[in-house]
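Residue numbers count from 1 along this sequence.
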Amino acid sequence: MSSVLALKRNSSTVRYCFEADVEPAVLPRALELLAKRGLVPARVFAQAIDDALSVEIEVEGLADDTAEHVGRSLGQIVGVRAVF
């Protein structure tokens with residue numbers, strides 16, 4: 001699907017999980033991808049431990065093609081390292 005893990009929790013909820021560099025712009029850039037589409041996350045969790053930022057973002061009401069596009073776009077953000 002993409003370099004960012006997108007897990008379907010049910011037919012209308014997607015959870016994006018990724019690890020990134022601890023940089024001030026990573027989380028706002030990720031949320032901006034949703035805001036540009038008029039989407040508000042149902043849940044956001046981010047935790048910085050040492051030099052890694054662990055992020056989970058849940059979004060409801062996404063069509064499959066939109067979910068895949070957002071996942072690909074998240075994976076292209078500078079500083080996004082890995083999927084878990």
- Interatomic distance, R37 atom CZ to H69 atom NE2 [nearest 0.5 angstrom]: 4.0 Å
- Item | Nearest heavy-atom neighbours spanning A20 and V80 | CB-CA, 3.9 Å
- By side-chain contact (heavy atoms from CB on, under 4.5 Å), E32 pairs with (sequence neighbours left out) K36
- Item | Spatial distance of atom CD (E56) from atom CD (Q47) [nearest 0.5 Å] | 10.0 Å
- Task: To the nearest 0.5 Å, tell me how far L27 CG sits from L53 CG.
- Result: 6.5 Å
- Task: Keeping the roles fixed (side chain from Y16, backbone from A67), state whether a donor-acceptor pair exists under 3.5 Å.
- Result: yes
- Query: What distance separates I77 CD1 from L33 CG, expressed to the nearest 0.5 Å?
  - Reply: 4.5 Å
- Message: Within this structure, what is the CD-OG1 distance for the pair E58 and T13, rounded to the nearest 0.5 Å?
- Response: 6.5 Å
- Which pair of non-hydrogen atoms, one from V22 and one from D51, has the smallest distance, and what is that distance? CG2-C, 3.4 Å
- Task: Starting from the C-alpha separation in whole Å, work towards a yes-or-no answer on side chain to side chain contact (heavy atoms under 4.5 Å, CB included) for L31 and V44.
- Result: CA-CA 9 Å; L31 295 175; V44 176; 3.9 Å; yes
- Query: So, the side chain of T66 versus the backbone of L62: is there a donor-acceptor pair under 3.5 Å, distance only?
  - Reply: no
- Between V40 and L74, is there a shared hydrophobic cluster once you connect ILVMFWY residues whose side-chain heavy atoms come closer than 4.5 Å? no
- Between the OG atom in S54 and the CZ atom in F18, the distance rounded to the nearest 0.5 Å is 9.0 Å
